[in-house]
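Report on one structure; see the data block that follows.
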Amino acid sequence: MNNIKWNHALAFVTMASVLSACGSGSSNSGGDTDAPTPANYEITLTNVTSNQPLSPVAVLMHSQSYRLWSVGSPASVALETLAEGGANADVLALDDVSKQAMASGAGAIMPGAYETLLVTLDNPTTATYLSVSTMLVNTNDAFTGVTGLSIADLSMGESATVSLGVYDAGTEVNSELVNTIPGQMGEGFNAERTDTNVVSRHPGVVGSDDGHSASVLDSRHKFDNPAAILTVTRVN
């Protein structure tokens, strides 16, 4: 798609035209009337794993400079909380993001299912970047999503579809033990960081079928990239 470029014209007026405007019978006492037109977006997330429910999704629309995570850098505590326990409240409450809109999923998205959220941007010229995150709940700290996705070029009625890979938050070792997997009724968030402490691509599930005798997971819980499909549609 072509990038949208805004051209600003600089108007020069003579003193005579100013006086003429002042002497006319009309005035614009309300100031600038060219308020931005709100834009509505449908955010649809489809779970394409075989046996990995996705936690309630967190959606942020923000400025270009913000990223929810960076590969090779430590996860924020908010992202750690989501990646280890599936809770999205801290991500949605982040105050260091120039966000204009946010949305939370209603609940877990089961394999093969999808959820659509409607998000409204009051000023679509200032927050045209999207971040989406959700946990694979039958893991220690795996999550999927995208951060810093530009939606500025979407015209009314247009859609963009993105395949979402799986990331490792690097905050909890991938032990696959029953007491550490939220989807198996184990522990969720734990503030202690026991792994690499940097976000990376997830190496995948080992599972009991491949000789990890202590793993509560099996071949049904394995996943290949992508784990989810994201579709963004500008509806007006």
Side-chain angles (χ1 to χ4, degrees), residues 1-7 34-71 78-79 82-83 86 88-89 91-94 97-137 142-167 199 201-202 223-236:
M1 300 181 183
N2 294 326
N3 291 327
I4 300 174
K5 296 182 179 178
W6 297 98
N7 295 319
D34 296 329
T37 301
N40 291 312
Y41 296 85
E42 286 184 347
I43 313 296
T44 299
L45 191 69
T46 303
N47 184 341
V48 296
T49 69
S50 63
N51 195 11
Q52 286 285 349
L54 300 178
S55 67
V57 63
V59 175
L60 301 174
M61 286 187 172
H62 52 80
S63 62
Q64 181 179 10
S65 61
Y66 181 77
R67 293 295 183 272
L68 184 56
W69 69 86
S70 296
V71 170
L79 182 63
L82 182 144
N88 66 11
V91 168
L92 294 173
L94 284 168
V97 50
S98 299
K99 60 179 182 278
Q100 187 187 106
M102 69 189 87
S104 173
I109 304 174
M110 302 306 291
Y114 68 90
E115 183 176 16
T116 298
L117 304 176
L118 181 66
V119 182
T120 300
L121 281 179
D122 292 331
N123 187 350
T125 65
T126 61
T128 55
Y129 290 80
L130 176 69
S131 290
V132 174
S133 54
T134 175
M135 179 193 185
L136 281 68
V137 301
F143 68 97
T144 187
V146 65
T147 188
L149 175 68
S150 175
I151 57 174
D153 290 340
L154 284 181
S155 300
M156 194 177 305
E158 282 191 321
S159 296
T161 299
V162 182
S163 298
L164 305 182
V166 183
Y167 295 91
V199 176
R201 284 290 189 172
H202 201 284
F223 48 83
D224 292 322
N225 288 309
I229 303 297
L230 175 69
T231 301
V232 184
T233 304
R234 181 169 179 177
V235 294
N236 76 335

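If you read the sequence from its start, that first residue is 1, and numbering goes on from there.
- Remark: Ser104 OG to Asn88 CG distance equals 4.0 Å, nearest 0.5 Å.
- Panel note: side chain Asn51, backbone Pro111; no donor-acceptor pair is recorded below 3.5 Å.
- In this pair, His62 and Tyr129 present their aromatic rings parallel. The plane angle is below 30°, not in the 30 to 60° band.
- Side-chain contact between Leu230 and Ile43 is present, with heavy atoms from C-beta onward closer than 4.5 Å.
- Listed here is the closest heavy atom pair of Leu92 and Ala103: CD2-O, 3.5 Å.
- Among all heavy-atom pairs drawn from Gly105 and Pro56, the shortest one is O-CB, 3.9 Å.
- Counting heavy atoms from C-beta on, the side chains of Val235 and Leu118 come closer than 4.5 Å.
- Taken to the nearest 0.5 Å, the CD1 atom of Ile151 stands 5.5 Å off from the CG atom of Leu130.
- Atom CG of Asp224 has 12 or fewer neighbouring heavy atoms from other residues, nucleotides or ligands inside a 6.0 Å radius.
- With hydrogens and angles disregarded, a donor-acceptor distance shorter than 3.5 Å links the side chain of Thr144 to the backbone of Gly165.
- Residues Pro38 and Pro124 come closest through the heavy atom pair CA-CD, 4.5 Å.
- Listed by chain and number, the residues in a side-chain contact (heavy atoms from CB on, under 4.5 Å) with Ser133 are Ala58, Leu68, Trp69, Leu82, Val91 (sequence neighbours excluded).
- For the pair Thr128 (side chain) and Ala152 (backbone), a donor-acceptor distance under 3.5 Å is absent.
- When all heavy atoms of Leu54 and Asn47 are compared, the pair lying nearest together is CG-ND2, 3.4 Å.
- By the 4.5 Å heavy-atom criterion applied to side chains, Tyr41 and Arg234 are counted as neighbours.
- For the side chain to side chain contact (heavy atoms under 4.5 Å, CB included) criterion with Phe143, the lone passing option out of Val166, Leu136, Leu79, Thr134 is Leu79.
- Note on residues 106-116: pairs passing side-chain hydrogen bond (donor to acceptor under 3.5 Å, both in side chains), not counting sequence neighbours, are Thr44-Thr116.
- A distance of 9.0 Å separates OG1 of Thr120 from CE of Met61, quoted to the nearest 0.5 Å.
- With hydrogens and angles ignored, the 3.5 Å screen pairs a side-chain donor or acceptor of Asn236 with a backbone N or O of Asn40.
- In terms of heavy atoms, His202 sits closest to Ala142 at CD2-CB, 3.3 Å.
- Put simply, CG on Asn123 and OG1 on Thr37 are 9.5 Å apart, with the number rounded to the nearest 0.5 Å.
- Taking every heavy atom of both residues into account, Ser159 and Leu154 meet most closely at C-CD2, 3.9 Å.
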